[in-house]
Amino acid sequence: MEAADGTANLIIGDQLPLFASSVVQIRRLWREFATTIKWENVSEPVLYGLNLLRTFFVLPLLQFVLVLCLAMTVMILLEKLFVGAVSLIIRIFKIKPEKRYKWEPIKKDEELGSSVYPMVLVQIPMYNEKEVYKLSIRAACGLDWPSDRVIIQVLDDSTDLVVKDLVEMECQRWKSEGVNIKYEVRNNRKGYKAGALKEGMKHDYVQACEYIAMFDADFQPEPDFLLRTVPFLMHNSDIALVQSRWRFVNADECLMTRLQEMSLDYHFKVEQEAGSTMFSFFGFNGTAGVWRINAISDAGGWKDRTTVEDMDLAVRASLRGWKFVYVGDVHVKSELPSTFKAFRFQQHRWSCGPANLFKKMFFEIVHNQKVSFWKKVHMMYDFFFIGKIASHTVTFIYYCVVIPLSVFFSEMVIPYWGIVYVPTIITLCKSVGTPSSFHLVFVWILFENVMSLHRLKAALTGLLEAGRVNEWVVTEKLGDAHKTKPVIIDITEADKLVDSQLTKPCIPKLKKKKSGLLDRFYYSELAIGVFLSFCGYYDAAISKKGYCLYLFVQSIAFFVAGFGYLGTQTPDS
């Protein structure tokens, strides 16, 4: 039909006879060619193709991954046996740091007075630490050290003006009581913690200090902390760092904090002690340690190229020939993240940062001429590859992917030693750190498998320098309150962390995530839980390999995490 303006209007009713005629023509052609679909003829090629894909691609690939996982499992076993043996020898023969290095208590001299004590700077970096700022400042101001030989430096990067005012007032209160405390702020948060520490070193009064003690906002050193650690630095000119052990004030708060304590106690009691004794090297924990200022300068100072600025400094200082000492008898109270969301963010940073640093420093370690061959092997193999990459890979790929998928392939046989004996020995080696929690070993294994999903993803992000490689999420510290949630700092392309010498100061944009019912669930954990449940049912009903019990229990662990039933429950967790 043609309109008055000359255009044609389509009238649906006029097109119906034409459509019916077309349908008739198609039916007539179909009958003339006598075409019929035999579904068995279609399905046979499809099934044949799927069988070829399964036989010549999927199965060989899965078997290859299995071999790699078994090989890395053996490597992890040997590393655990080695550090465990070193730790056992240390305890049997009581090889304490005081026996390996010169250590003498600081002797008071009436003539010299307080000058026998070296000048020490105590740095406390803070960021919106409303719940714990008083604890850390009070503990630092209570250190048993002459007031004229110590400077407390509070580096406040808070964006919450209320919190900033509270921290400043707390510093002023202690200053009025005669404590030499400095409240320092800057006009940007460039470099985050590394940037704050680096900026704190630029003040004139720091030039008079020889050593720096560092404490995160939730850490509370005992009064004798400096008296027990600084003498190592005073009497041994080749020591750069003295690291103390963390003691957790909220370890019994919930099951999740108990499980975290088991992992960290092993790290401190076995891994760091062995590294300190055998190679005078371990990763600086970023807090509860005392550094020689000259060593920091010699290593190139603080850098913000990764989210593990503490480990970065430690590796660079070690490559310059400096030695580290771990003093396990000195404990500093701290707080574990007690919400699952905060713990996931923390583990992302702790897994992504080291992998990214390994990529950046691999060739620097290989070509270094100042440290021995065996120390370089320890750094690259034990410290980085086994500790930061292989352990995450095996834990998730082997126990949560390869073993479950093996139930669909009758040809695939996993050796008994690789699924029972070796994992059991590794678990027993790692459980010695916290004997009082040995009854939780089985739950701890399931929990570690759940967290391996995020640790592996974070490690790959660091190696590939993908999406969240520079994401910094401030770990939630609740203190006595269970109401705040972590602040997510979204770093845009223009604000990525790189060497501070190459960038201009910038203020990252803060994003607050909207909370809702769906935000309470963790979908990656739920997806893995569904996958493991399906594999378990298939094994119980068809393949009957005997893995179904493990698969069902592990799937429950993923579901518990996925539905948010781990850790302390807060309004936003």
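Since the model is a prediction, treat every value here as computed from it, not as a measurement.
Side chain of Y537 to main chain of L532: no donor-acceptor pair is present (N/O by atom type, distance under 3.5 Å, no hydrogens or angles). Judged purely by atom type and a 3.5 angstrom limit, S87 has no side-chain atom pairing as donor or acceptor with the backbone of V270. For T257 (side chain) and C254 (main-chain N/O), a donor-acceptor pair under 3.5 Å exists by modelled atom type. Panel note: side chain D539, backbone V407; no donor-acceptor pair is recorded below 3.5 Å.
Remark: of the listed residues W145, F215, F225, F215 is the sole one forming a side-chain contact (heavy atoms from CB on, under 4.5 Å) with V122. Among D216, D157, D304, the single residue meeting the salt bridge (Lys or Arg N to Asp or Glu O under 4.0 Å) criterion with K193 is D216. A salt bridge (Lys or Arg N to Asp or Glu O under 4.0 Å) with D312 is found for exactly one of K303, R305, K360, namely R305. Under the side-chain contact (heavy atoms from CB on, under 4.5 Å) rule, M262 has a single partner from V432, V443, V441, which is V441.
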(message) Checking K164 against E168 for the salt bridge (Lys or Arg N to Asp or Glu O under 4.0 Å) test, could you report, in this order, the C-alpha distance in whole Å, the side-chain angles of both residues, the deciding distance, and whether it holds?
(response) CA-CA 6 Å; K164 187 183 287 286; E168 184 175 10; over 6 Å; no

(request) Go through the steps for E271 and K80 under the test salt bridge (Lys or Arg N to Asp or Glu O under 4.0 Å), then give the verdict. (result) CA-CA 9 Å; E271 292 180 327; K80 299 306 175 191; 3.2 Å; yes

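Taking the ring centre of F396 as origin, the terminal cationic atom of R455 falls outside the region bounded by 6.0 Å and 45° from the ring axis. Taking the centre and axis of the six-membered ring of F358, the NZ or CZ atom of K388 falls outside the cone set by 45° and 6.0 Å. Relative to the ring axis of Y192, R189 does not place its NZ or CZ within 45° and under 6.0 Å from the centre.
The existence of a salt bridge linking R344 and E525 is confirmed by a sub-4.0 Å separation between a basic side-chain nitrogen and an acidic carboxylate oxygen. By the 4.0 Å N-to-carboxylate-O rule, K269 lies too far from E273 to be salt-bridged with it.
When only modelled atom types and interatomic distance are considered, R468 and T461 share no side-chain donor-acceptor pair under 3.5 Å.
Y522 is not listed as a side-chain neighbour of L566, based on a closest heavy-atom distance of 4.5 Å or more. Looking at Y127 and T159, their side chains come closer than 4.5 Å, going by heavy atoms from C-beta outward.
With rounding to the nearest 0.5 angstrom, the CZ atom of F268 is 10.0 Å from the NE2 atom of H331.
Of all heavy-atom pairs between L135 and R138, the closest is CD2-NH2, 3.1 Å.
Counting non-hydrogen atoms of other residues, nucleotides and ligands closer than 6.0 Å to NZ of K134 gives a total of 12 or fewer.
If you look at F383 and F281, their ring centroids are closer than 6.0 Å.
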